[in-house]
Undergrad: 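Below: one structure in structure tokens.
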Amino acid sequence: MMKPLIALSFALLTSVSAISAENLYYWDNNSGLKKADHCELTTMKGSRFGLINTGGILSSNIKNNEGKHIMNVVAGSLVKKLEGSAVADHNFYEVVGANQDSIFLMTLKEALKSAAFAERLDQGYIKTTEVESITNKTIQIGVERFNLKAGTLLKVHGKTEVLKLACPEFEKSRDYLVFHSYAKGDTRASSLVGVYWDETGLFKNIKTFDGLQTQKINKAIAVEADDAAELIKDLSGKPVVFKKPVVTKPNFNDVKDTPPVAVIKKDEVTLQDGLDNVVCMQSANAGANVRDAELTKVIFKSPTGTRVKLFQEFSDSKKETVIDGKPYTFIKVEFDSESSDKKIGYIASDYIVPRSQCLFAKIEEKEIDPAVDTQISGLDDPKCCEFPVANKVTSSFTVSQQAFGAGRGGDRVHAATDLYRMLNEPVVAVAPGVIIRPLYFFYLGTFAIEVRHSGGFVVRYGELTGAIPKSVKNNNKVKMGQIVGYIARVGTKTLMEPMLHFELYSGAASGSLNSSKTINGINYQRRSDLLNPTKYMLKWQNAKFKK
Amino acid sequence: MLSSKSKFIIIAVLALGTAYYFSNQKKENTEEIFSQEEQSASSPKLADLIKKRVKKESGNGGQIHSSTTVGKIAASNPPYEPVKIETSELAEFTSLLPEEKKSLIALSAVMAEAVSNETQMDKFVDKLAALKMSPVVMKDENPYTGVMNVVRTKSVLPGIRYVHAQYFTDEDGVKNLGHISFELKPGKHSEAAAHKIVQKQFNVNSKPTSQAKNMTVWNVGDRIVWIKVLDKEDVSKPDPINAYDPTKDIGTVRIVSEPEIH
């Protein structure tokens, strides 16, 4: 036993490569690892990140703000704590990366067949005792991202304190938690990587390790240290000196805005795309300065192709200023949420255009969650389909106002089945298909999407929240069982229970699903190929929850 | 012992009674609904209502009927008649500036007219242009569920923002208004002002269909009109369409009309 340990220690001590300022990076969601040799390295106590540890149980429960269990999060998944009131012994978290350990997942999904599993960016309340500190835990990158290779191990070393990076081009509060990065197979860190808690794209596909595996890894790559100097010491024992950067307050006039881009602006009243505005610069790699409300400070740079929502203020007051002798009008935008908290800032209006008008806007390839991938020929295919909610409904959809055909006042009748479940619980695609219309305003504060499924039938999933699962955008393909939205409450707590409003169409007709027509004299106010989903719902429900 | 005549009478009565029973059963199984006579889409004035009996055939799953008969129903929204509202009627709402009151009156009138003339998207767009709001019509189209047009504006009116309307083109190529809404700035009297305007513009009772802490709903024809005061949760949660600032937008009042689609 001693001989291998001595050999390993010897290998560690005599290893040639050292961590130096050249091996210091921070993570940028839009371009990967970026050089951070100008940044300051210090320490901080702890971070927002945590790992799900249920002490042997395969998953933890995520609850909504009413305390109801809405989905499961796999043990070993990476989460981050968000602002929000603690409730009893629960805190509010967001899933950063679900543990993709394949054998573990298989076991879990077999054991919890009908459960909904949390994906990245899903949020909810988790017991604080089931989230442990990330310090001294190892995360493996599952899929290559930009210049970060698959198989890379990332580990936060420390005892009571951990390392952080602070870079002068960012706000002071933007602390980057430092991970030691190990290339696949290496027992010595080759670099330090800073990760901001609100920019965590590198963790989209990760694997973490159980207790035994962690022990093995820790034996190989342990760094027993607490303060910054020790933590970054070359494992050969020599301290590494980082040049302390000269931190200067950026001068308003020094921060140059890149010249306006020449985009081809179509001169027409009707725009071809929907509400899809992006940052648009003169090249795919250029970024626009995002400023604070006073327009004096650049908060961060946003690359071409980043989706934004445009604010409207309640008065048409313009924010204008002159930069490098050129006048600019600035508009307030909210950035598309790769992050949890709202990212808001001001960008010159010249740099915001609809996506279809931006020559350099990339269409991101969306990941598809590895749900069941089955091809079906239609509704009557024996393999069809998946029940669209995670658990048994809390009230039968065959009776009362939940049922298809139930009276709705006057001569109108219900054109769907309502599946009563929990607020914010996932809704899944019943079959493989394509999202043909993304979230739009539906009813009393809720939204709907439209999906054309394989076999040709169309489903409108209604009464959803405004949260878009990461994999869901227009023209995106979905697999059977993939999360396509989350259950909303119609109106307020006292008006209605949270539910999925499920409408089914054969696909034989075309045009909008809403209609002023009757069908056989019945006022469904829907298109002529509307189907009664009840028998299918019963079949899918029984298949999912049979004992 | 019964005579032949008596027996005959009893049998006849039984036979008649049985026949009567079964004929009524058929009637009871046939639900009767009333539909209004079809009205011309171009002149949505209420014609005299003609109530017809229509057989409703119950669907038992899957296809609603083997040979689907599609018919039109009349629009049940009342015809639009401009409601004259003076800003002085909103005098008590001092947290709104005079120009903001004017905006609220003007835009609610445009919205009420759009709701009444729900197939006339171009007219709605023209009205927004006349208010100098620089309307923009966007189009979302696919081969399976057709066209959805979204109308928004580049400019705002004082105290008003996020005008949004969704028009869906049906099987016959007719555009119909779905959701339409706008927002009124936060303020001490914004909710009350919105209530008063909605009641006047849509001719609804002060007693709504349903009312919760921050939300009020009225049924108007085959649509609903609702008002909601956005709280912290509303402005913090994800919204795929509008941008919100949790530090500034709490108390914003949303005014909406939608089809009773649920």
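What you see is a predicted model, and the numbers here were worked out from it, not measured in a lab. Reminder, nothing fancy here: chain letters follow the sequence lines and each chain counts from 1.
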Undergrad: How long is the gap from CD on B/E183 to OH on B/Y244, to the nearest 0.5 Å?
TA: 3.5 Å
Undergrad: Where does the angle between the aromatic ring planes of B/H262 and A/H501 fall among parallel (under 30°), tilted (30 to 60°) and perpendicular (over 60°)?
TA: tilted
Undergrad: Could you tell me which portion of B/V156 (side chain, backbone, both or neither) has an atom closer than 4.5 angstrom to a non-hydrogen atom of chain A?
TA: both
Undergrad: Ignoring hydrogens and geometry beyond distance, is a side-chain donor-acceptor pair present between B/H189 and B/E191 at under 3.5 Å?
TA: no
Undergrad: At a 4.5 Å cut-off on heavy atoms, which part of B/K248 comes close to chain A: side chain, backbone, both, or neither?
TA: side chain
Undergrad: By a 4.5 Å heavy-atom criterion (distance strictly below it), what part of A/L310 contacts chain B: side chain, backbone, both, or neither?
TA: backbone
Undergrad: Listing request: all side chain to side chain donor-acceptor pair (under 3.5 Å) pairs with a residue in residues 124-135 of chain B, at least two apart in sequence or in separate chains.
TA: B/E113-B/K127
Undergrad: So which residue, A/E463, A/H414, A/M537, ends up with the most heavy-atom pairs under 4.5 Å with chain B?
TA: A/E463
Undergrad: Let me know if A/D380 has heavy atoms under 4.5 Å from chain B in its side chain, its backbone, both or neither.
TA: neither
Undergrad: With a 4.5 angstrom heavy-atom cut-off, could you sort out which part of A/Y440 is near chain B: side chain, backbone, both or neither?
TA: both
Undergrad: If you count heavy-atom pairs under 4.5 Å between each of B/L157, B/T252, B/I160 and chain A, which one has the most?
TA: B/I160
Undergrad: Under 3.5 Å, is there a donor on one side chain and an acceptor on the other for B/T145 and A/E450?
TA: yes
Undergrad: Please say whether the positively charged group of B/K185, taken as NZ for Lys or CZ for Arg, lies over the ring of A/F314, i.e. under 6.0 angstrom from the six-membered ring centre and within 45 degrees of the axis.
TA: no
Undergrad: Go through B/V150, B/N176, B/V151, B/T153 and name the one with the most non-hydrogen pairs under 4.5 angstrom from chain A.
TA: B/T153
Undergrad: Between A/R527 and chain B, with a heavy-atom cut-off of 4.5 Å, which part of the residue counts as in contact: side chain, backbone, both or neither?
TA: both
Undergrad: Tell me, for B/E260 versus chain A, whether the close heavy atoms (under 4.5 Å) come from the side chain, the backbone, both or neither.
TA: both
Undergrad: Do you know which of A/S512, A/A416, A/G462, A/S510 has the most heavy-atom pairs under 4.5 Å to chain B?
TA: A/S512
Undergrad: Is A/S315 close to chain B through its backbone or its side chain, or both, or neither, when contacts mean heavy atoms under 4.5 Å?
TA: backbone
Undergrad: Check step by step if side-chain hydrogen bond (donor to acceptor under 3.5 Å, both in side chains) holds for B/N242 and B/R152.
TA: CA-CA 11 Å; B/N242 292 335; B/R152 287 175 73 89; 2.8 Å; yes
Undergrad: Name the region of B/T169, side chain, backbone, both or neither, that has any atom closer than 4.5 Å to a heavy atom of chain A.
TA: backbone
Undergrad: For the residue pair A/W540 and A/F502, categorise the inter-ring angle as parallel (less than 30°), tilted (30 to 60°) or perpendicular (more than 60°).
TA: perpendicular
Undergrad: Which class fits the ring pair B/H179 and A/F441: parallel under 30°, tilted 30 to 60°, perpendicular over 60°?
TA: parallel
Undergrad: Which residue out of B/N219, B/I241, B/D170 racks up the most heavy-atom pairs below 4.5 Å with chain A?
TA: B/I241
Undergrad: Under 4.5 Å heavy-atom distance to chain B, tell me which part of A/A509 shows up: side chain, backbone, both or neither.
TA: both
Undergrad: Among all residues two or more places apart in sequence or in another chain, which pass the salt bridge (charged side-chain N to carboxylate O under 4.0 Å, His left out) test with A/R408?
TA: A/D418
Undergrad: For B/I224, is it the side chain, the backbone, both or neither that has a heavy atom under 4.5 Å from a heavy atom of chain A?
TA: side chain
